[in-house]
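These notes concern the structure reproduced below.
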Amino acid sequence: MNKRKVLLLGGGGFIGFAIVRILAGRGNYDITIADNFIRNQDDEETMSFIAGNNIRLIREDFTDPKQFNKLEEGYDDFYMLASMIGVNNTLEMPHEIIRVNTALIYNSLEWLKRAKVKNVLFTSTSECYSATTDVFGYRIPTPEEVPLCVSPIGHPRFTYAVTKMLGESGFLTYGKVLGFNCKIIRYSNIFGPRMGFKHVIPHLVERFLDNENPYHIYGGEQTRSFCYIDDGALGTILAMENQDATGDIFHIGAKEEITIEELVRETGKYFDYTGQYISAPTYPGSVARRCPDISKAERMLGFSPKVDWRIGLVRTIEWYIDYFQTKSQDGMKYFEGPDKFYKA
Ligand SMILES: NC(=O)c1ccc[n+]([C@@H]2O[C@H](COP(=O)([O-])OP(=O)(O)OC[C@H]3O[C@@H](n4cnc5c(N)ncnc54)[C@H](O)[C@@H]3O)[C@@H](O)[C@H]2O)c1
């Protein structure tokens, strides 16, 4: 039987590598990862999984268009996951977000002109709705068909969302012109082990381990929904492999909308925290409420998230505790906090 030939640009990342693990476990895929491991996520476990499962690795910076010559042609599926992410990055080097993400998108699209790929999936974000919900009051849970909108356009935080809007438009348009089957995924807060260190949950763990007291709850009244990585990765594969959907946009996320304060206190419970909590402002530009309407993915893809956020949270906390206590080379110094982005 012919194996399904799959390329994941950004396949060494958090979501990409979770997809790789699922596909490798199924056995009937010929997998290539293209990634520069910009977040230093090339740990021993990751690299030995790649070597042990006959996965091809092309380790290059794909903002350079010449690197695409190292890829083959005729992939069945191309997952486009590579991106520069992270709230801190948007605030500290927004020009790099624009450069890296635009180059990755443009180079991928131009490569697709000659690459003879059948199915393409581009990964976008619910950040594209920041002003849709906050300024125009569109409904939450938010369905895919609402307008994408950020405001103010010059805010560095929104550089990331703006590049994702370019990507959505670019992939859908090239898909129609070149005739590949294109899907867009808009994720909302996928979380789990190995998600990196610039996210809320690793930050919480780091600060509880550090016995922060009083414990700052940044933006506690804001809401999000948290989808565990196993569900997020499977939903992405379901979208990629669904032949009825073409030119479709899907939300992959969880339905339960919780406050950041609930998330913090649930994490505190794990640590038997008995100190004080105090409220503090979160990162500038942070949207007040966010929760995806996932009914389209449920109906068309059979997407059905299984892992309750509290269960996923414990798994994630335990992975990070282990990392901080046994693997971290440089001690805990990942959390910088939103305070520095406000003038005194
Ligand atoms: N995790 C989430 O909740 C979430 C939410 C919204 C959107 N997304 C999107 O989903 C995709 C995957 O996200 P993730 O959480 O796995 O992030 P991630 O940072 O773990 O994965 C991105 C991958 O892209 C790679 N990459 C970056 N620049 C590269 C370059 N120049 N050349 C080659 N590879 C490069 C990184 O090394 C990394 O492995 C991203 O496009 C992200 O914007 C994720």
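Note that the structure is predicted; figures quoted are calculated from it, not measured. Quick note: residue numbers are just sequence positions, from 1. Indexing begins at 1, ligand by ligand and atom by atom, following the structure's order.
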Review point. For Thr246, does its backbone N or O pair with a side-chain atom of Asp248 as donor and acceptor, under 3.5 Å?
Key: yes
Practice item. Using heavy atoms and a cut-off under 4.0 Å, could you grab the residues that are in contact with ligand 1, chain by chain, numbers ascending? Key: Gly10, Gly12, Gly13, Phe14, Ile15, Asp35, Asn36, Phe37, Ile38, Arg39, Gln41, Glu60, Asp61, Phe62, Thr63, Leu81, Ala82, Ser83, Ile85, Leu104, Thr123, Ser124, Thr125, Tyr160, Lys164, Tyr187, Asn189, Ile190
Check your understanding: Ring centroid separation for Tyr129 and Tyr138, is it under 6.0 angstrom?
Key -> no
Review point. Within 45° of the axis and under 6.0 Å from the centre of the six-membered ring of Tyr29, does NZ or CZ of Lys3 qualify?
Key: no
Check your understanding: Hey, are Thr123 and Tyr79 close enough side-chain-wise for a donor-acceptor pair under 3.5 Å?
Key -> no
Point to revise | Main-chain N/O of Cys227 paired to Asn189 side chain as donor or acceptor, under 3.5 Å | key: no
Exercise for review: Could you tell me whether Phe180 and Tyr174 have their ring centroids closer than 6.0 angstrom?
Suggested key: no
